[in-house]
There are 4 protein chains.
Amino acid sequence: MPLNGKTKRDVLVEFRHAEILQAARRVFADKGFSDASVDEIAQAAGVAKGTVYLYYPSKRDIYWEALKGGLVALCEVLETAVRAADSTENKIRAFMRTKMLFFEEHRDFFKIYHAEFVNAGAQPGCFERDLKVFHVRQMRLLTDAIEDGMRRRSIRKLPADETAFAILHLTRGVITQRLLGLSRSGIEEAISLLFDLTWKGLAGK
Amino acid sequence: MPLNGKTKRDVLVEFRHAEILQAARRVFADKGFSDASVDEIAQAAGVAKGTVYLYYPSKRDIYWEALKGGLVALCEVLETAVRAADSTENKIRAFMRTKMLFFEEHRDFFKIYHAEFVNAGAQPGCFERDLKVFHVRQMRLLTDAIEDGMRRRSIRKLPADETAFAILHLTRGVITQRLLGLSRSGIEEAISLLFDLTWKGLAGK
Amino acid sequence: MPLNGKTKRDVLVEFRHAEILQAARRVFADKGFSDASVDEIAQAAGVAKGTVYLYYPSKRDIYWEALKGGLVALCEVLETAVRAADSTENKIRAFMRTKMLFFEEHRDFFKIYHAEFVNAGAQPGCFERDLKVFHVRQMRLLTDAIEDGMRRRSIRKLPADETAFAILHLTRGVITQRLLGLSRSGIEEAISLLFDLTWKGLAGK
Amino acid sequence: MPLNGKTKRDVLVEFRHAEILQAARRVFADKGFSDASVDEIAQAAGVAKGTVYLYYPSKRDIYWEALKGGLVALCEVLETAVRAADSTENKIRAFMRTKMLFFEEHRDFFKIYHAEFVNAGAQPGCFERDLKVFHVRQMRLLTDAIEDGMRRRSIRKLPADETAFAILHLTRGVITQRLLGLSRSGIEEAISLLFDLTWKGLAGK
DNA sequence: AATGAATGAGTGTTCATTCAT
DNA sequence: AATGAATGAACACTCATTCAT
């Protein structure tokens, strides 16, 4: 009866988990962790409050799951995309492009992700340690590319870590911009500009 | 009795306001708006909870005052500094430098300011409209400099708005980096790198 | 098919009832009525929560059944034992002995039984009326013996009811003592002492 | 201004504590710990729910305070009374008499006290250790008297501990009886009978 | 002017009970 | 017949705000 390893029950459980997580992301994105209520999440998921607790042991756990799930997916697509790129230039472009498209698709997750950086080190940061792992994975992609680029002279001499940080933050900033609806241009244009700025800087000839 | 327009009472009132605001900034920076309690703020200010309500009508108002106060000061120093700079290059450098030094001095305010960008448009965003004013003021400083720079050919052809956004976000990112204690280098080094990257980009020759 | 009046179905139903009751006694003894959860009982009985409700209409009913079942058994063995004893002295001794041995065997039931006396008249006391019947049955055994003893002059003149109460409570106390593990002596010694004290009192010659 | 060491505030605080404790005892006596709600206690005390938490940190703490307060008072009056009695016989009589009168006056406390013995060793028994102290104090009063009595030959040879236990339990039983309203006789009669039974036992000559 | 005691609405979490499968 | 997912009412506890002193 179990089809491809999953019983009907497994499917339902998985579905509920996803359903609640989805709703939670929406609510957390809107209100932030503290101002989101479990009741709201339940309602958004179309279940009763008690049902939420059948699938997650606490509000905090839902939050962390919502955060982690997105981070795992993000890191995976980033790693795949960067690895597939053939030059330093293309690796950095791939990083920016993939991240922007990913968040364009997962706006709710972006808000949660972004909020977590603000609080980073602060109070809810029970996760701090776990979060760092994902941060480091992203950093590694960039520092590797940058160091490689410097060896090949396609990038000028720069401190790799600080530079990677800058790219990370800049990319995040541009995404924020778009998601707040403050940007009129198309996504591809935005990506081009982001990369262009990063690569060439402001200076004229 | 009223000396330079202020009675003794006025002075006390002003003092209390400042005292509470200062305490509030500390607490809000630590905990965020929702997780900060008025009791904590009162305690940090060394007054009773009821006293806080003599000076501010609500928790939200304290928050907004704390935010606005910092924004006014920030915009003022930025405008002064940028106006005083003589070239496009120096104007942008001055912007970055002043902002970084300002936040280095007002870390509590930075946390609040930063958090507000996350929520921007979102829930507490009663302020949205008011916040925008300060955002626009900062943007104007940069877009003016950029457009001027493009006319003088010291900056290559770029969309002024998007570029200004990028500078804003990148600067904020570097500050975050420092305030989270993730950066080892000195402040002046950080400023130099930030400007250097922005100006020249990554590309080798 | 129905063998001595019971179909296979009847046997199963009876078996389930007993199984659940047994588990319930364990749980109620441990946690008390309010702090015991139906889930725990179901788990202890090795069935699903819903199954419990196929056999008992409510948590309260399980409790009452657990209580009543024990009380019926207790009263029966007490009546048999006391009836079998030939003298007043032996009847009282038999009462104490049988009760102590019964509870030594049914510790879980004792805890429930004991707790019910505390609450007696109080909140869950939906049972009050039903409980009284069992109380009266035990009392009757003792008052009969006592009154008979007084007629035969083997017991001095005493108010039968109050005296019976005293014996009841004293016996219960000694059992409590043992079940809480506060007693080091063997069960037979304890019984002897209990009877000896009751019969002779404290007084020296 | 502080009169006999107490400011007006101290008096109020003390009053509220007492008021809430009083109400809590009533409610806990009626419903038991688990079935009592803080809301009920607040209502019984004539204050809002939040107010209760200004005076006690948790439901459990209220309970423990209610229990401890009574136990301290009980032990004190018992010790005073027993110490004041001049013979073994009178010491034991004093113990019984004082305890019965104390509980006659503090019926609510008795229910709580009694319930705690049922659960003793069981779940809420965070107190177990603290409770034991009071138990030991009562036991000591009796064992001292008993051992002394045995030396003077006014009590026959008996194991002091077990005998003390028996007196404790028997006394408690008689009190239960009265408080449940199952006894028709006056309190003094009940005390006399209790002592008489204990001292002389059942046996006719 | 300042206090802090009092309030009560709101939140996370549990659990007896129901019911579709 | 048995399951266990779903429900929602109930509860302990918190906290912004009010107000008598």
Side-chain angles (χ1 to χ4, degrees), chain A residues 8-9 12-13 15-16 20 33-43 45-62, chain B residues 8-9 12-13 16 33-43 45-63, chain C residues 8-9 12-13 16 33-43 45-63, chain D residues 8-9 12-13 15-16 34-43 45-62:
Chain A
K8 211 191 313 174
R9 208 182 135 277
L12 181 59
V13 165
F15 173 73
R16 281 279 193 245
I20 291 168
F33 178 76
S34 296
D35 292 341
S37 87
V38 175
D39 234 343
E40 266 174 309
I41 294 173
Q43 246 166 307
V47 298
K49 190 160 39 158
T51 307
V52 171
Y53 284 91
L54 292 177
Y55 293 90
Y56 295 93
S58 76
K59 183 182 167 185
R60 171 125 270 137
D61 281 86
I62 306 174
Chain B
K8 210 189 316 170
R9 208 177 136 278
L12 182 59
V13 165
R16 282 280 195 240
F33 177 77
S34 297
D35 292 341
S37 85
V38 175
D39 236 344
E40 267 173 310
I41 293 172
Q43 244 168 305
V47 299
K49 192 161 36 158
T51 307
V52 171
Y53 281 89
L54 290 180
Y55 292 90
Y56 295 94
S58 77
K59 182 182 166 183
R60 172 123 271 138
D61 283 270
I62 308 175
Y63 185 74
Chain C
K8 211 192 313 175
R9 207 178 136 277
L12 180 58
V13 165
R16 282 282 196 237
F33 177 76
S34 297
D35 293 341
S37 85
V38 175
D39 236 344
E40 268 174 307
I41 293 172
Q43 244 168 306
V47 299
K49 193 160 39 158
T51 308
V52 171
Y53 282 89
L54 290 179
Y55 292 90
Y56 295 93
S58 77
K59 182 180 165 185
R60 172 123 271 138
D61 283 271
I62 307 173
Y63 186 72
Chain D
K8 209 187 319 172
R9 210 181 134 276
L12 181 61
V13 165
F15 174 73
R16 281 278 193 247
S34 296
D35 291 341
S37 87
V38 174
D39 235 343
E40 265 175 309
I41 293 173
Q43 245 166 305
V47 299
K49 190 165 35 163
T51 307
V52 170
Y53 283 93
L54 291 179
Y55 293 90
Y56 295 93
S58 77
K59 182 183 166 184
R60 171 126 269 136
D61 281 85
I62 307 175

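Excluded from the calculations below are hydrogen atoms, water molecules and symmetry mates; all remaining heavy atoms, backbone and side chain alike, are included. A, B, ... follow the sequence lines: proteins, then strands. Residue 1 opens every chain.
A donor-acceptor contact shorter than 3.5 Å links the side chain of B:K59 to the backbone of B:F33.
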**Asked** Which dot-bracket string fits DNA chain E when only Watson-Crick or G-U wobble pairs with both atom distances under 3.5 Å count, crossing pairs get [ ], and | stands for a partner on a different strand?
**Response** .||||||||||||||||||||

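Between the CD atom of C:E40 and the P atom of E:dT14 there is a distance of 13 Å, rounded to whole Å. Note: CD1 (A:I41) to P (E:dT13) measures 10 Å, nearest angstrom. Between B:R60 atom CZ and F:dC15 atom P the separation is 16 Å, expressed in whole Å. Rounded to an integer number of Å, the gap from CD1 of C:I62 to P of E:dC15 is 15 Å. The OH atom of A:Y53 sits 17 Å away from the P atom of F:dC11 (whole-angstrom rounding). Atom-to-atom, CG of B:D39 to P of F:dT18 comes out at 15 Å; the value is rounded to the nearest Å. Straight-line distance from the CG atom of C:D61 to the C1' atom of E:dA16: 13 Å, rounded to whole Å.
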**Request:** Heavy atoms under 4.0 Å is the rule here; annotate nucleotides 4-9 of chain F 5' to 3' with B where the base is hit, S where only the sugar-phosphate is, and - elsewhere.
**Result:** BSBBB-

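Atom CD1 of D:I62 is separated from atom CD1 of D:I41 by 4.5 Å, given to the nearest 0.5 angstrom.
The side chain of D:S58 sits closest to F:dC13 out of F:dC13, E:dT18, E:dT13. Of all nucleotides listed (E:dT17, F:dA12, E:dG12), E:dG12 comes nearest to the side chain of A:S37.
Across all their heavy atoms, C:V52 and C:V38 have their closest contact at CG1-CG1, 4.2 Å. Residue D:S34 comes nearest to C:S34 through the heavy atom pair CB-CB, 3.5 Å, listed as atom of the first residue, atom of the second, then distance.
Residue contacts for A:A42: at a heavy-atom cut-off of 4.0 Å it reaches no nucleic acid atom on any strand shown.
Because its NZ or CZ atom is not both nearer than 6.0 Å to the ring centre of D:Y56 and within 45° of the ring axis, D:R16 does not count as a cation-pi partner of that residue.
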**Item:** A:V47 and A:Y55: CA distance, side-chain angles, deciding distance, side chain to side chain contact (heavy atoms under 4.5 Å, CB included) verdict
**Value:** CA-CA 11 Å; A:V47 298; A:Y55 293 90; over 6 Å; no

